[in-house]
Structures are given as C-alpha cells and as structure tokens.
Amino acid sequence: RKVSLIGVPTDVGAGARGASMGPEALRVAGIAEHLAKRGLDVKDCGNLSGPVNPWQPPVNGYRHLPENIAWNQATHDAVYQELKDGRMPIMMGGDHSLALGSISAVARFCRETGKKLRILWLDAHTDFNTAAMTPSGNVHGMPVASLCGFGDETMIHMSGHFPAITPDQVCQIGIRSVDEEEKVFVYEQGVEIYDMRYIDENGMKHTMQKALQGLDDDTHLHVSFDVDFLDPSIAPAVGTTVLGGPTYREAHLCMEMIADTCRMASLDIVELNPALDERNRTAVMAVDMVESLFGKSTLVRS
Ligand code: ARG
Ligand code: MN
Ligand code: MN
Ligand code: MN
C-alpha cells in the first residue's frame, strides 16, 4: 500500500494561530517512520505553500476568504494528483478548512473511477456553519456545509461538480459542540451524527458498527480526523478544545474498527496546534491513533 504525506501548513481558517505548525510536529512525532513500520510505502511530499495568515476580522461572514480559497485549491490539486498516481493521500494539517480541498478532490476522483464515497468525520464539531450563521467567521467551522453546496461560490465549485458531496455520504462521530443555527441546519440536512450522548448510551463498539455499516468493495472511505475529537485530557493542543470527548480506549477502538474495514482510502489529520502543546504530546497521541487506523493491534488477529 502506497501512501503520500501532504503537509498543509495553514491556520487561515482557524480562530487561533499555530495549526500551521502541525505538519512538522507530526513529522517530529515520527509519523512517516510509524507508517513505514506498518508495512506501508511512505512518500513525504513536503508542504504545500499558500498565503500567510493576515489575521483580520471577518468580511461578509468569512475570515480570510481569499486565503482559504488559495490553500484549498492547492490542497485539492495535490490530493487529486496523488490519487491519480495510485497513492493514498494523508493530509497533515493545518486547520480543518483544508477538508474542503481534500474531500472535493476525493469526490472528483471517486466520480471519475466509479467509486462510492463515504466520509467519516471524527470531530467535537459538526463544521456545518455558513457565512450567514457562523458566530466566528472561521472557515474551519464550515467545510462540511461547503462540500454539501452551502458556501462561497468558488469553494462549493472546487471539484468541478456541484455539490461535491451530499449529506447522506457523511457520518459524524464524537460531536459535542454545535452552534445554535448550525444545530438546526445540520439536522435539516439529514447528516448522520453520533454525538457524545449517543456514544455514552450505546458505547463506541455499537456506534462504530452503525457508522461503518454498508461499506462494500466499491466504497472509498475518507476519514477526516479533527484532533479535537479526542478528549482534551489526552489531546490538549487544539485551538477549540471541548470537554467530554472519547477517552484513549474509546478512540483507539474507533480507529481499530475503521482499520478492520480495510476501506480507508484517504485521511485528513487536522487542528493539531503545536503552539498549545506540552513536549509534542498531542502530536505523539495523534500518531498513536493513526497507527491504529492503519491496523496496529496488540495481538495477531485472525
Ligand atoms: N462552531 C465553531 C465555529 O464555527 C467552532 C468550529 C470549530 N471547528 C474546527 N474545525 N475546530 O467557529
Ligand atoms: Mn473540531
Ligand atoms: Mn473540525
Ligand atoms: Mn510509537
């Protein structure tokens, strides 16, 4: 299995500076070596480049819209190229706005190759805001809505197909912070959501069985892993921490059950903010989770 690491050092979509240092922190935590140890053919493509963070207030409901478009176009093009080359792209973010670029490229590739796309969104947040309803203007709170066709014109047409995806292709896990209008909108759009209450009541095993049901040989599974999915006690270095996330054991089980499907074909690792970390522990934690996503297990499994 060939994988390509793509660094996307952007924080123009976030409300805190520093996610732009995420790719390097993941490298320092040994992401490439740990993946190689899993038997993967790893190529590190280096970092994409894009505009610096102008650190300005929102304009018409968006902070840094032109900068976000530029980073996402670069991400889209790089991801599409790696997929064409038969490699599995792993995006090292960067804030979660980059998922618009990565997933629109994946959606385009699936359309061209006749694959069915399913998206697993591991996050404390639904990221389903629009410019009209966002309380912050931060574009990392909007990528799922944009992918579904609600957002800036350039963003929603990035993949050359409108909309890039439909809400029924998305399944969200770990949700525990949704803004007032966003809550109503994401419900109306019918996104499949397993929030923390669902996980509390039913357990992670049952939750993942539901979330992963119906995958078949023709399914391309994209995993968008926002590090703030994890409980802040194990992953403090994110800009938008929310208490009450999956524990170390629950998160591992989630990752292992995804690995068991053998369907993951692209991955975003986003929102890691090394400026907020202690001795890179959150990057090390993220790499630990990624190893499980790629099938690391304690025992030989039959
Ligand atoms: N809902 C909040 C907002 O729109 C927070 C979004 C956080 N998103 C993220 N990818 N960390 O500003
Ligand atoms: Mn989040
Ligand atoms: Mn997110
Ligand atoms: Mn290790």
Side-chain angles (χ1 to χ4, degrees), residues 8 10-20 22 53 56-65 68 71-72 75 91-103 119-148 150-152 155 170-187 189 191 193-196 199 222-232 234-246 251 254 267-276 282 285-286 289:
V8 191
T10 174
D11 58 11
V12 298
R17 302 285 304 263
S20 50
N53 194 328
Q56 293 295 313
V59 177
N60 300 323
Y62 297 106
R63 276 182 87 191
H64 314 144
L65 182 60
N68 273 288
W71 276 104
N72 273 288
T75 305
M91 277 51 72
M92 303 186 293
D95 71 69
H96 216 166
S97 63
L98 71 85
L100 185 276
S102 74
I103 294 175
I119 298 147
L120 221 49
W121 193 270
L122 310 180
D123 204 328
H125 310 91
T126 46
D127 293 343
F128 213 87
N129 271 312
T130 63
M133 63 181 76
T134 171
S136 64
N138 296 327
V139 177
H140 73 167
M142 312 181 188
V144 189
S146 300
L147 285 161
C148 293
F150 308 98
D152 168 72
M155 295 282 237
V170 184
C171 176
Q172 300 189 315
I173 298 161
I175 303 303
R176 56 195 185 276
S177 173
V178 188
D179 300 315
E180 280 314 313
E181 289 176 70
E182 181 184 25
K183 186 184 294 190
V184 177
F185 190 42
V186 77
Y187 174 77
Q189 290 301 315
V191 178
I193 302 179
Y194 300 99
D195 67 351
M196 285 313 301
I199 296 169
H222 177 94
V223 176
S224 205
F225 172 34
D226 182 329
V227 177
D228 70 34
F229 167 71
L230 305 172
D231 191 81
I234 57 168
V238 294
T240 48
T241 51
V242 191
L243 285 177
C254 168
L267 169 66
D268 310 314
I269 309 163
V270 299
E271 295 289 334
L272 172 66
N273 185 336
L276 306 173
T282 307
M285 180 62 64
M289 292 294 156

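We count ligands from 1, going down the list as the structure has it; atoms in each ligand are counted the same way.
- With the Mn ion (ligand 3) as vertex, His96 ND1 and Asp127 OD2 subtend 90°, rounded to 10°.
- Looking only at distances, no side-chain donor or acceptor of Asn273 sits under 3.5 Å from a matching main-chain atom of Gly239.
- The Mn ion (ligand 3) has no N, O or S atom of Glu271 inside 2.8 Å of it.
- Considering only non-hydrogen protein atoms, atom 2 (C) of ligand 1 sits nearest to Asp179 OD2, 3.4 Å.
- Atom 12 (O) of ligand 1 has Ser136 OG, 2.6 Å as its closest protein atom, hydrogens excluded (heavy atom only).
- Screening Leu147, Thr75, Leu267 for a side chain to side chain contact (heavy atoms under 4.5 Å, CB included) involving Ser102 leaves a single residue, Thr75.
- Of the heavy atoms in Asp226, only side-chain atoms (C-beta onward) come closer than 4.0 Å to ligand 1.
- Taking 2.8 Å as the threshold, His140 does not count as a candidate ligand of the Mn ion (ligand 3), since none of its N, O or S atoms lies below it.
- At the top of the distance list for atom 4 (O) of ligand 1, counting protein heavy atoms only, stands Asn129 ND2, 2.9 Å.
- Closest non-hydrogen pair, Ala99 versus Ser224, comes out as CB-OG, 4.0 Å.
- Nearest non-hydrogen protein atom to atom 8 (N) of ligand 1 is Asp127 OD1, 2.9 Å.
- In this structure the side chain of Leu276 never reaches within 4.5 angstrom of the side chain of Val238, judged on heavy atoms.
- Taking each heavy atom of Ser177 and Val242 in turn, the nearest pair found is CB-CG2, 3.9 Å.
- Of all the heavy atoms of Met142, none lies under 4.0 Å from any atom of ligand 1, so neither backbone nor side chain is involved.
- Every atom of ligand 1 with a heavy atom of Gly141 under 4.0 Å away is listed here by number and element: 4 (O), 6 (C).
- The protein heavy atom nearest to atom 5 (C) of ligand 1 is His125 CD2, 3.9 Å.
- The closest donor-acceptor contact from the side chain of His64 to the backbone of Gly13 lies at 3.5 Å or more, if one exists at all.
- The side chain to side chain contact (heavy atoms under 4.5 Å, CB included) with Trp71 is formed by just one residue from the set Leu98, Asp95, Val8, Asp11; it is Val8.
- Side-chain contact check for Asp228 versus His96: every heavy-atom pair is 4.5 Å or farther apart.
- Of all the heavy atoms in Phe128 and Glu182, the pair that sits closest is N-OE2, 2.7 Å.
- Asp226 has its closest N, O or S atom to the Mn ion (ligand 2) at the position named OD2.
- Restricting His125 to its N, O or S atoms, the one at the least distance from the Mn ion (ligand 2) is ND1.
- The name of the N, O or S atom in Asp123 nearest to the Mn ion (ligand 2) is OD1.
- With a heavy-atom cut-off of 4.0 Å, Asp228 touches ligand 1 through its side chain alone.
- Remark: the backbone N or O of Ala16 is not paired with any side-chain donor or acceptor of Asn138 at under 3.5 angstrom.
- Note on Asp228: not counted as a metal contact of the Mn ion (ligand 3), no N/O/S atom lying under 2.8 Å.
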*Apply the test side chain to side chain contact (heavy atoms under 4.5 Å, CB included) to residues Met289 and Phe229: give CA-CA distance (whole Å), side-chain angles for both, the deciding distance (0.1 Å), then the verdict.*
CA-CA 11 Å; Met289 292 294 156; Phe229 167 71; over 6 Å; no
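- Nearest protein heavy-atom contact of atom 11 (N) of ligand 1 is Thr240 OG1, 3.0 Å.
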